Amino acid sequence: MAVTSVCVYCGSRMGKNPSYEAAAQTLGTGLAKAGLRLVYGAGDVGLMGTVARAAQAAGGETFGVIPEHLVKREVGKRDLTTYVVTETMHERKKVMLYNADAVLLLPGGMGSLDELFEAITWRQLGLHDKPIVILNTDGYWDPLRALMDHVVQQDFAGADHASCILWAQTPEEAIAALT
């Protein structure tokens with residue numbers, strides 16, 4: 001399956017390390033230059049706003065999905081190619097995933113983890129077979145990788161779990177894994 005659009009999960013905050021923002025900027029630009037549509041949470045704050053603005057500045061197509069209750073909090077970015085307002089978070093996640101060919105995780109918090117684990121679970125249940133890439137900027141997701149390995153080692157997930165996740169250290173590696 002050819003990837004033409006990427007669902008990006010990332011923080012609504014910038015995080016402490018300036019490399020997170022730099023990676024988000026590089027990723028947004030790289031997605032646009034690779035002709036990949038950005039599908040994301042439609043916020044104009046944190047890393048998600050950085051990715052979207054970079055993609056737009058590079059001429060990329062942007063598809064944002066935000067639930068009504070977050071429009072003010074996450075500063076809904078209305079100047080996207082496509083801007084969708086949903087009623088619930090569950091609907092947001094479904095619309096995002098169904099409108100993308102792949103999933104890409106950047107540094108983020110609990111919401112990003114929720115989105116990632118739902119995408120992984122749906123893949124394990126056979127609801128999609130989209131690639132899932134984790135951008136491990138400066139080792140941010142090392143503890144997550146260790147936890148996932150632990151879950152497999154303790155036989156609460158099969159070895160196929162690990163094979164459905166691709167790991168990248170740089171935005172360029174993440175885009176290469178998708179194209």
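All values below were derived from every heavy atom in this structure, side-chain atoms included, with hydrogens, water molecules and symmetry-related copies excluded. Bear in mind the structure is a predicted one, so any value in this text is a computation, not a measurement.
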[X] side chain to [Y] main-chain N or O, any donor-acceptor pair under 3.5 Å?
{"X": "Asn136", "Y": "Gln169", "result": "no"}
{"X": "Lys130", "Y": "Ala100", "result": "yes"}
{"X": "Arg37", "Y": "Asn99", "result": "yes"}
{"X": "Gln56", "Y": "Asp79", "result": "yes"}
{"X": "Thr81", "Y": "Phe63", "result": "no"}

### Query
Taking the six-membered ring for Trp, are Tyr98 and Trp122 parallel (under 30°), tilted (30 to 60°) or perpendicular (over 60°)?
tilted
Looking only at non-hydrogen atoms, find the nearest pair between [X] and [Y] and report the distance.
{"X": "Met14", "Y": "Glu21", "result": "CE-OE2, 3.7 Å"}
{"X": "Asp101", "Y": "Pro131", "result": "O-CD, 3.3 Å"}
{"X": "Ile66", "Y": "Gly41", "result": "CB-O, 3.6 Å"}
{"X": "Cys7", "Y": "Leu97", "result": "SG-N, 4.4 Å"}
{"X": "Gly108", "Y": "Tyr140", "result": "O-OH, 2.6 Å"}
{"X": "His128", "Y": "Ala119", "result": "NE2-O, 2.8 Å"}

To the nearest 0.5 Å, tell me how far [X] [atom1] sits from [Y] [atom2].
{"X": "Phe117", "Y": "Tyr9", "atom1": "CZ", "atom2": "OH", "value": "12.5 Å"}
{"X": "Leu36", "Y": "Leu27", "atom1": "CG", "atom2": "CG", "value": "9.5 Å"}
{"X": "Asp160", "Y": "Arg123", "atom1": "CG", "atom2": "CZ", "value": "9.0 Å"}
{"X": "Ser12", "Y": "Arg73", "atom1": "OG", "atom2": "CZ", "value": "7.0 Å"}
{"X": "Leu106", "Y": "Tyr20", "atom1": "CG", "atom2": "OH", "value": "11.0 Å"}
{"X": "Thr170", "Y": "Asp138", "atom1": "OG1", "atom2": "CG", "value": "11.0 Å"}

### Task
Evaluate side chain to side chain contact (heavy atoms under 4.5 Å, CB included) for Val3 paired with Thr179, printing each intermediate quantity in order.
CA-CA 7 Å; Val3 173; Thr179 57; 5.9 Å; no
### Message
Taking Arg53 first and then Asp44, would you say they form a salt bridge - that is, a charged N and a carboxylate O separated by under 4.0 Å?
### Response
yes
### Task
Determine whether more than 12 heavy atoms belonging to other residues, nucleotides or ligands lie under 6.0 Å from atom NE2 of His150.
no
Can you get from [X] to [Y] by hopping between Ile, Leu, Val, Met, Phe, Trp and Tyr side chains that sit under 4.5 Å apart?
{"X": "Leu135", "Y": "Met48", "answer": "yes"}
{"X": "Val152", "Y": "Leu147", "answer": "no"}
{"X": "Ile132", "Y": "Trp167", "answer": "yes"}
{"X": "Leu178", "Y": "Ile165", "answer": "no"}
{"X": "Leu47", "Y": "Met96", "answer": "yes"}

### Query
Would Asp114 and Met110 count as a side chain to side chain contact (heavy atoms under 4.5 Å, CB included) if you check the C-alpha gap in whole Å, the side-chain angles of each, and the deciding distance to 0.1 Å?
CA-CA 6 Å; Asp114 173 57; Met110 300 310 160; over 6 Å; no
### Task
Run through Glu74, Glu118, Glu68 and flag the one making a salt bridge (charged side-chain N to carboxylate O under 4.0 Å, His left out) with Arg92.
Glu74
### Query
Less than 4.5 Å apart, any side-chain heavy atom of Val71 and any of Arg78?
yes
### Query
If we only count heavy atoms from C-beta on, is the Leu116 to Ile134 side-chain gap below 4.5 Å?
yes
